[in-house]
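Report on one structure; see the data block that follows.
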Number of protein chains: 2
Amino acid sequence: VATRFEAELRAQPEALARLIDRRLDTAAEIAAVFRRDDVDFILIAARGSSDNAALYAQYVLGRAHRIPVALATPSLYTIYGQPPRLDGALVVGISQSGSSPDVVAVLEEAARQGRPTVALTNASTSNLAQVVDAVLPLEAGDEHAVAATKTFANSVGAIALLFCAVTGDPVPLRELRQMPERVEAQINLSLETVDVPALNDVAAVTVIGRGVNYATACETALKIRELSGLFVEAYSAADLLHGPVAALEPGSAVIGIAPTGPAQAPVVQTLDELRRRGARIVSIGEVASVPAETVLPLVPGVPEWLSPLTAVVPAQVTALRTAERRGRDIDNPRGLQKVTLTR
Amino acid sequence: VATRFEAELRAQPEALARLIDRRLDTAAEIAAVFRRDDVDFILIAARGSSDNAALYAQYVLGRAHRIPVALATPSLYTIYGQPPRLDGALVVGISQSGSSPDVVAVLEEAARQGRPTVALTNASTSNLAQVVDAVLPLEAGDEHAVAATKTFANSVGAIALLFCAVTGDPVPLRELRQMPERVEAQINLSLETVDVPALNDVAAVTVIGRGVNYATACETALKIRELSGLFVEAYSAADLLHGPVAALEPGSAVIGIAPTGPAQAPVVQTLDELRRRGARIVSIGEVASVPAETVLPLVPGVPEWLSPLTAVVPAQVTALRTAERRGRDIDNPRGLQKVTLTR
């Protein structure tokens, strides 16, 4: 293993297993807050890969206890100094470093207003961890590569753990406990099979997903973009059709995140439409039933709600391979730092 | 005027004046709902240009009455059939046609749960208008070009009108009443001055904004993309730095939305950084104080909270000019319809 990125990518199963082993009780304590009578919605503050994990939370926690999940607009707290009233909110910060001032500012304001606050962070002594009522440590271990792998997987895993705790249903927990092994199998499969000729010589790549895998689409775009420097964007398969599709022409490269589940059909429908328009389709899915020039296979049997944990792996490997081919510095992509501080 | 798009672009001041003249009372009635004790947050469902107007609402309505504004995740209602509980929510649909099934589905569910519902639509007899408690008609008149201009302006105008009604403060209303004249002056200025050589021969364009003009950045990207077929993307000036900036290299084209106001400094800071990295900067702003190769000037004296109404005009003209230069069909961009139906 030549790069920290690849080493950390390979360490995801171990990191995920550690999280589940150590933090089930912590998740159960935090889940009690979700059920408080005065909590009508969850507000999440996050940036970068953590913001992609927040998109996963919108769908998964939206279905647990049927609670709406909103994303914060940090500039109201920082630039405008006019934070909203947070009556009814449970406020969650997701940040591997726990140090971006805008994320901390949202949580500080929530604490000031007496609202319940939770941090999902890999840095238990960070500013973020210190301003909240409860911390769910990500347990990802040290992450040195600038582009996140383990911390993204464990942010998704932490949200999945909260889902299990909030529902109190043993079935999802059993499914989650099987994921370290599935992710391991997926890593082996992807490292053997993933080769993405469609991404050679393209100016731009469009990634689409929907539902829980809209988060995967966003993380796929971010990861390939960070490592390879290609222009990669993500859209909901529905939003793309409301205008942005105008930029796709014959030969455009499109990656569809299409694991088995309720969101597969609408993604495949959009991929079919794009294929008719001449786009080169790469699909990430269990079976070859999706119309695609290239299929990046997924291991079978993963429930859709947990599929971002496996579906992101071929995306990470694609990012690695594309960056290698382009001669990029994998561990230190141009112009990025591990910790980005924004207000 | 050779195209419907340009005719409609020029008709924005008239459309905005009509909205303000006719719908102040309607806005006042709807504002009463915002103040209900059982309303803790606003949930908005929208797609395309209307979704960009929803981003404006996140900042402007977030500051009126300090109420948090969240964007809906339609697939929970449609694909998964597991809509969240909407306790505490006022649910708003924004859609010029009022007919996209996913937007209608969110409002139908809100009505089923007994929550207050409002539609901002240009089609007062649409499905959307029929399922809600109250309609704020956009009064934009007929819009024939596929790419929205008047209906975007009037969606922003309708949200501004709601802001005036919710705050009950005469100052913002006075400011809003001056906007048709300012938009008229902006259209004349932009049609005379806007020429964007930096967008020739680029593969992709990145638009950045923040705060109220994050919405303008998203609409700028969508409009240039729809009309010209170029690959155009929008980012918050903060989010860009958390990874996506890796794709920007010397010669990349960046458009910064930087009108005077609290959000100008963070946008200029990011533009400065990108310029140091060799990007070609186009800025939309009142003055030449922003470091840029090309400045698309804005008329002076517009309060920041209303600046998207003028700042979007040079973007619309840029879209028109870029599409003309590329020989595109302005009124019927490739692969788009006026009304897009998604679930």
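Here is how names work: the chains are called A, B, and so on, in the same order as the sequence lines, proteins then strands, and each is numbered from 1. The structure displayed is predicted, hence computed values, not measured ones.
Looking at A:L241, the atoms closer than 4.5 Å to chain B (heavy atoms on both sides) sit in the backbone and in the side chain alike. Proximity to chain B is absent for every atom of A:S252, based on heavy atoms less than 4.5 angstrom apart. Heavy atoms closer than 4.5 Å to chain B are found in the side chain of A:R328, but not in its backbone. With a threshold of 4.5 angstrom between heavy atoms, A:V212 approaches chain B through its backbone and through its side chain. A:L230 touches chain B through its backbone: at least one of N, CA, C or O sits under 4.5 Å from a heavy atom, while the side chain does not. Contacts of B:S228 with chain A are absent, with no heavy-atom separation under 4.5 Å from either backbone or side chain. For a residue to count as touching a neighbouring chain, one of its non-hydrogen atoms must lie under 4.5 Å from one of that chain's; by this rule A:F41 touches chain B with the side chain only. Neither the backbone nor the side chain of A:E273 comes within contact range of chain B, judged by heavy atoms closer than 4.5 Å. Of the two parts of A:T78, only the side chain, counted from C-beta on, holds a non-hydrogen atom closer than 4.5 Å to a non-hydrogen atom of chain B. Heavy atoms of A:P68 lying under 4.5 Å from chain B belong to its backbone as well as its side chain. With a 4.5 angstrom heavy-atom cutoff, A:A238 touches chain B via backbone and side-chain atoms both. Contacts of A:L248 with chain B are made by both backbone and side-chain atoms, with heavy-atom separations under 4.5 Å.
Looking at every heavy atom in both residues, A:P262 comes nearest to B:I79 through O-CG2, 3.2 Å. Contact record, A:F231 with B:T206: CZ-OG1, 3.4 Å, taken as the closest heavy-atom pair.
For chain B, the option among A:A203, A:P244, A:A70 with the highest count of heavy-atom pairs below 4.5 Å is A:P244. Chain A forms the most heavy-atom pairs under 4.5 Å with one residue out of B:E226, B:R85, B:Q82, and that residue is B:R85. For the options A:A221, A:P333, A:G81, A:G211, heavy-atom pairs under 4.5 Å to chain B are most numerous at A:G211. Chosen from B:V245, B:L86, B:L222, B:D51, the residue pairing most often with chain A at heavy-atom distances under 4.5 Å is B:L222. Per-residue heavy-atom pair counts under 4.5 Å with chain B were compared for A:P83, A:A263, A:A89, A:G243, and the maximum is reached by A:G243. Among the candidates B:A265, B:A204, B:G62, the residue making the largest number of heavy-atom pairs closer than 4.5 Å to chain A is B:A204.
Note that the CG atom of A:D102 and the NE2 atom of B:H242 stand 5.5 Å from one another [nearest 0.5 Å]. Between A:R47 atom CZ and B:S236 atom OG the span is 4.5 Å, to the nearest 0.5 Å. Rounding to the nearest 0.5 Å places OG1 of A:T342 at 7.5 Å from CG of B:D239. Annotation: the span from B:R225 atom CZ to A:E233 atom CD amounts to 4.0 Å, rounded to 0.5 Å. We find the CG-OG1 distance between B:L55 and A:T73 to be 10.5 Å, quoted to the nearest 0.5 Å. The distance from atom CZ of A:R66 to atom CG of B:L76, rounded to the nearest 0.5 Å, is 10.0 Å.
The 12-atom threshold is not exceeded at CZ of B:R343, counting heavy atoms of other residues, nucleotides or ligands nearer than 6.0 Å. The 12-atom threshold is exceeded at CD of B:Q113, counting heavy atoms of other residues, nucleotides or ligands nearer than 6.0 Å.
Between A:Q58 and B:S75 the shortest side-chain heavy-atom distance does not fall below 4.5 Å. Proximity of B:E249 to A:R334: side-chain heavy atoms (C-beta onward) are separated by under 4.5 Å at one or more points.
Each of A:V39, A:D40, A:D37 was scored for a side-chain contact (heavy atoms from CB on, under 4.5 Å) with B:D87, with one residue passing: A:D40.
Taking the six-membered ring for Trp and thresholds of 30 and 60 degrees, B:Y59 and A:Y80 have ring planes inclined between 30 and 60 degrees apart.
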